[in-house]
Amino acid sequence: MQGVGFRPFIYRIAVRNGFTGYVRNRGDAGVEVLLEGEAKKIQSFIRELTELKPQLAQIEKINRAELSGKNEYEHFTIFKSSQDAETSGSIIPPDIAICCQCLKELRDPKDPRFEYFFITCTDCGPRFTIIERLPFDRENTTMRKFPLCGFCQKEYEDPANRRFHAQTVACPTCGPKAYLTTNTGEHVQTKDPVRMAGKLLSEGNILGVKGYGGFHIASSAMLEHPILRLRTTKHRKEKPFAIMAKSIQATKVFAEVGSKEQEFLTSPSRPIVLLNKSPSYNLSSLVAPHIHNVGVMLPYTGLHYMLFDKVVDTAFVMTSANPANQPIVKDNEAAQKILGDTVDYFLFHNREIAHRCDDSVMRVHGDRRVFLRRSRGYAPAPIRLKQKSKRCVVGLGGELNNTSCILLEDKAFISQHIGDVENIETQSFLQEATSHLQRLTNSHVETVACDLHPKFNTTLLAKEMAQTNRLGLVQVQHHHAHAAALMAEHGLDNVVTVVCDGYGYGSDGGAWGGEILHCSLESTKFSRLGHLEAQPLLGGDLASRYPLRLATGILQKAGVKVEDWLLQNRTHLPHGETEAKLILQQLKVGKGTFETTSCGRILDAVAAVLGVCFERSYEGEPAMKLESIAMAGKDILKIQPQMKGDVLETSELIKAIFDSLGRVPVADLAYSAHAYLAKGLAALAIQGANAKSVKNVGFSGGAASNQILAQLISESVESAGLRFFVHEAVPAGDGGVSFGQAVVAGFSKF
Ligand SMILES: [Zn+2]
Ligand SMILES: [Zn+2]
């Protein structure tokens, strides 16, 4: 592995063991060492190599060979990197948050890097986002434009120094500079742009702040007016904003932080962790409206720490600067053009971002992390698998929340978060990110994997890629990909999986999303053992946007007279009474409606019946709000799951909830709905697993990040004597689909 202080480490242990020779990085991200000295010292060298290696280094494999001939070296040296690239699959690390020692120096008035916002060392700093090509040398990164000053050069060359051969070393004299401008690009004169930016935030201004992997839009997390303004200009009515908190202590005031959560928050990856709001939550309610949790990250660069220095604020809103359906903004010029209308000021720096990378997002269920997005701090580090793939595959993923994945032997390299591949910008980001990943891993792709949906941009792209490069093509059903991801992550040969999410193109062309699938690692085929009842989507896509339509369709089907109820709720439809009457008309005709077995849509319908949410203004909103309400509830209704063959009925559930309105607290109804689905889905999975003599039952898909569902399904499965599996290394949602596709195409016999 390159980029974690490995060569300096080798240097030290080689010299200590009396060797001469060299160490150098290779073009395939491997490290080559030549040792001349006493043969008996080799063992102690190898032992120190594995036992004392730098904290962030991982040794994948050691290839040893004995050389003949005379000794040639008088000293041990760190050589200039070679371009040799014979092996594949070595790694360059993700970006690493500022380390403790650098943080100490940042605050030490006697240190030459005192208050230098981009202080780093061999143990910390940007990696993935600044690397243009391998090997990881300064000239191959965007640090190339900042030649070392005498002081930094001296440290860089000193084996005893922490910055010996640190590629990102820089100081106020030679490193990147920060500067503040207005939204039209005029420089704001100040000696202290970073802390000035913090003050501007505190006073209620909105700022574009350039970080490692892209721009954040930042504002106060206490004042209402900047957040309101942000919501209006970003067209984000209710979507929660992530915040950056000053410290872990500050976080504990407004959120509940468990020990696992603290571990992830303070880890070198510094993800956004969803935390339950505490009783003393004191940030603006507009940060994360109507949900029980708030996404929090801690500072990961000196710049972020310094933003808080001169203000009383304990947190700032820090949301990715990505305009609707566009990738996160990374270049200064683009920022000014695209974000100029949204922000009042920019805090720029003059280092280019080679590869954009959004923040990672996770929540913690019990002791287990659940990725909602696996990106900065994790990508492109590989997921290690128990078995080796039969071929090298690239998976291009689905459509929403997408990633791509390269599967090479027993490693899966999943790209950073790409976003919704619905337009040309995200599509070219996907292409760029994928070919970069291919170069970094030096992989020679044999097969392309994609979704079954004939019209996804990623499907078209995969077909084109396969044709142009004469590669194999494997199309994988969406929920099968989810299940395969789970199988590979846990090294299982077969599994019965409950896969629940919003939408996936079914093998019969239908809209699936509440599925029980049986599949095995060596087959491209799977069987559908059961699913949720198909329910009408009144008005097609409109029904996903306005869940009142879903609820109306289901209630009518269950025999409820819905006229009065719908008319009472007409104000929750964008066109009010006219629309309500049209819907009722449509119900009478009763034909030509699309149907879906989606679990997400059932949760949406429950949210509408309970009045918890009437519009999905962001992905998963009604279901997330329903879960938030349910957290305080109990299974009061205790409805027995109704099965018709291998179908779990949901009409009766919605009717039962409807009939209990006003008699039972909303929280209990919300919880009861979760309990019904969990018990029913688990029963179908257990029945299927027993029929197939399979011992493993999994839960995957976006809904698996729902804590109540995951908990209840696991209880049922385990009490039936089966083993229960959920995702830990990859997202349960669509960010894990590219990996699942690659697994199906890579491990199958064909
Ligand atoms: Zn450091
Ligand atoms: Zn310097």
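Start at 1 and go down the list; that is how both ligands and their atoms are numbered. Heavy atoms only: backbone and side chains are in, while hydrogens, waters and symmetry mates are out. Just so it is clear, the model here is predicted, and its values are computed rather than measured.
Around the Zn ion (ligand 1), protein N, O or S atoms at less than 2.8 Å comprise C99 SG, C102 SG, C121 SG, C124 SG. Protein N/O/S atoms closer than 2.8 Å to the Zn ion (ligand 2): C149 SG, C152 SG, C171 SG, C174 SG.
Scored by the side chain to side chain donor-acceptor pair (under 3.5 Å) test, T142 finds no partners at all (sequence neighbours excluded). With sequence neighbours left out, the salt bridge (charged side-chain N to carboxylate O under 4.0 Å, His left out) criterion links E36 to no other residue.
Side-chain polar atoms of Q153 and E157 form a donor-acceptor pair below 3.5 angstrom. Judged by distance alone, the side chains of S738 and T403 do bring a donor and an acceptor atom under 3.5 Å apart. Of the N and O atoms on the side chains of D359 and Y300, at least one donor lies less than 3.5 Å from an acceptor on the other residue. Judged by distance alone, the side chains of H727 and E489 do bring a donor and an acceptor atom under 3.5 Å apart. Side-chain contact annotation: N332 with K210, donor-acceptor N/O pair under 3.5 Å present.
In terms of modelled atom types and a separation under 3.5 Å, the side chain of R138 and the main chain of V169 share a donor-acceptor contact.
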Exercise for review: Walk me through it: do D358 and R376 pass the test salt bridge (charged side-chain N to carboxylate O under 4.0 Å, His left out)?
Suggested key: CA-CA 6 Å; D358 283 78; R376 179 186 52 74; over 6 Å; no
